[in-house]
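So the structure is just underneath, and the comments pick up after that.
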Amino acid sequence: MLNEKPTYCSNCGIEVMGDYCHDCGQRARVQKVSFGETFNDLAASLFSFEAPFWKTLKLLFLNPGKVSKEYLNGKRKTYFKPVSFFILLTAIHLLIRSLLAYDPMEKIPQRSDVSFNIFREAGQFMVQNINNILFIFVFTLSLFTKLFFYKKYSWAEYIAQSFYLVGIYILIGTLNMFLVVFFDAGWQFLTMIVMLIYYIYAMVSFFKGNLFLVILKSLFAYLFGTLLYVLLGYGFSLLIVSLR
């Protein structure tokens, strides 16, 4: 035992006493990356009820203000990272949309009017590339949150918060697809309405103070943020389609 070579952490280089590094928490002995390890890590991070993803998702519904405040104040390992949360829910949305063969533009028929068809194609482009265009919503929502609540946090911090909020918007939209596909296409706009209610709820739990003022500011921030998102997203799509 006295002649045994010391073990050093592969992650931070500190000498390790035991099975885990006392500085960063990584395993002392790390083998080459394998398929088994990769899928085990994925399962542990997603399907364990103690995993940050499920804890973050649960609290984003029960107390969204707590998630944002604690993450911004330094509890970075406690919660699933905002951008990762956004990307994961976007990937789930795209997968379910593909399985359901969901196309919100299919009810709008083509016409002989060339101008009308260009607008229709722009809508289809926006739907097909929603995973990229949703980034616009993150920035427009955070921009107007900053404008209406400017003294509280920096724009960068509001962007981080908006990745969480737009992630919830994606989740609401994903669930709403089932209503649209299996019941009535008229449910398409429900996503925006539910998100408005959720955004106000999130802002009320995030900011303390005059309740009426927070609700009023939240209403305007959401409406302007959503309007700018639609204008930029659809305008960008229209530009791409027109240049083809």
Side-chain angles (χ1 to χ4, degrees), residues 59-61 63-69 71-72 82-83 85-87 89-90 93 104-105 108 118-120 122-177 180 186-242:
L59 279 177
L60 279 171
F61 280 105
N63 193 348
K66 180 180 179 180
V67 176
S68 297
K69 282 181 181 178
Y71 182 84
L72 295 178
V83 179
F85 183 80
F86 170 87
I87 291 174
L89 288 174
T90 301
H93 173 84
M105 303 298 294
I108 304 176
I118 289 177
F119 282 103
R120 184 180 182 278
Q124 287 180 320
F125 180 89
M126 187 171 178
V127 170
Q128 291 167 359
N129 295 275
I130 197 67
N131 53 311
N132 297 316
I133 292 174
L134 277 169
F135 277 98
I136 297 175
F137 194 22
V138 172
F139 288 96
T140 59
L141 190 62
S142 63
L143 173 63
F144 282 98
T145 304
K146 174 61 178 172
L147 290 176
F148 282 94
F149 298 97
Y150 66 97
K151 291 182 179 179
K152 300 294 183 179
Y153 295 92
S154 69
W155 189 22
E157 289 173 315
Y158 283 127
I159 288 173
Q161 182 194 40
S162 292
F163 272 113
Y164 279 136
L165 297 176
V166 177
I168 294 297
Y169 168 77
I170 295 167
L171 178 59
I172 294 169
T174 303
L175 296 174
N176 193 46
M177 280 195 298
V180 174
W187 289 103
Q188 285 186 19
F189 295 102
L190 183 62
T191 300
M192 287 291 188
I193 297 171
V194 174
M195 183 59 193
L196 168 61
I197 296 170
Y198 175 78
Y199 177 79
I200 293 174
Y201 163 63
M203 292 299 102
V204 168
S205 72
F206 187 56
F207 296 108
K208 303 300 180 184
N210 189 314
L211 180 62
F212 175 77
L213 191 59
V214 172
I215 291 174
L216 189 63
K217 285 183 176 182
S218 301
L219 177 62
F220 282 111
Y222 177 80
L223 292 178
F224 284 124
T226 302
L227 179 61
L228 184 58
Y229 157 63
V230 172
L231 289 175
L232 291 177
Y234 192 78
F236 174 76
S237 302
L238 187 61
L239 178 64
I240 295 298
V241 169
S242 300

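What you are looking at is a predicted structure, and each value in this text was computed from that prediction instead of being measured.
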### Message
Could you check whether any side-chain N or O of Asn176 sits under 3.5 Å from a backbone N or O of Trp187, counting only pairs where one atom can act as donor and the other as acceptor?
### Response
yes
### Message
Please report the interatomic distance OH(Tyr198) to CZ(Phe61), rounded to the nearest 0.5 Å.
### Response
6.5 Å
### Message
Testing the basics here: between Pro64 and Ala202, what is the closest heavy-atom pair and its distance to 0.1 Å?
### Response
CG-CA, 3.5 Å
### Query
What is the distance from atom CG of Asn210 to atom CD1 of Ile215, rounded to the nearest 0.5 Å?
9.0 Å
### Message
Return the NZ to CD distance between Lys69 and Gln161, rounded to the nearest 0.5 Å.
### Response
10.5 Å
### Task
Please examine the side chains of Asn132 and Phe236, heavy atoms only from C-beta on, and report whether any two atoms are closer than 4.5 Å.
no
### Query
Under 6.0 Å between ring centres, would you say that holds for Phe85 and Phe163?
no
#### Entry: Within-4.5 Å side-chain heavy-atom neighbours: Asn131 and Ile87
no
#### Entry: Pair listing, side-chain hydrogen bond (donor to acceptor under 3.5 Å, both in side chains) test, anchored in residues 218-231, at least two apart
none
All N/O donor-acceptor pairs, side-chain side in residues 133-150, below 3.5 Å, sequence neighbours left out:
unit_1 : atom_1 : unit_2 : atom_2 : d
Thr140 : OG1    : Ile136 : O      : 3.2
Thr140 : OG1    : Phe137 : O      : 3.2
Thr140 : OG1    : Gly225 : O      : 3.0
Ser142 : OG     : Val138 : O      : 2.9
Ser142 : OG     : Phe139 : O      : 3.0
Ser142 : OG     : Trp155 : NE1    : 3.0
Thr145 : OG1    : Leu141 : O      : 2.6
Thr145 : OG1    : Tyr199 : OH     : 2.7
Lys146 : NZ     : Tyr150 : O      : 2.7
Lys146 : NZ     : Tyr153 : O      : 2.8

## Note on the structure
d(Ser237 OG, Leu232 CG) to nearest 0.5 Å is 10.5 Å
### Query
Atom CD1 of Ile172 and atom CD1 of Ile168: how far apart are they, to the nearest 0.5 Å?
6.5 Å
### Message
Is the shortest side-chain heavy-atom distance between Leu165 and Met203 below 4.5 Å?
### Response
yes
### Query
To the nearest 0.5 Å, what is the distance between OG1 (Thr90) and NE2 (His93)?
8.0 Å
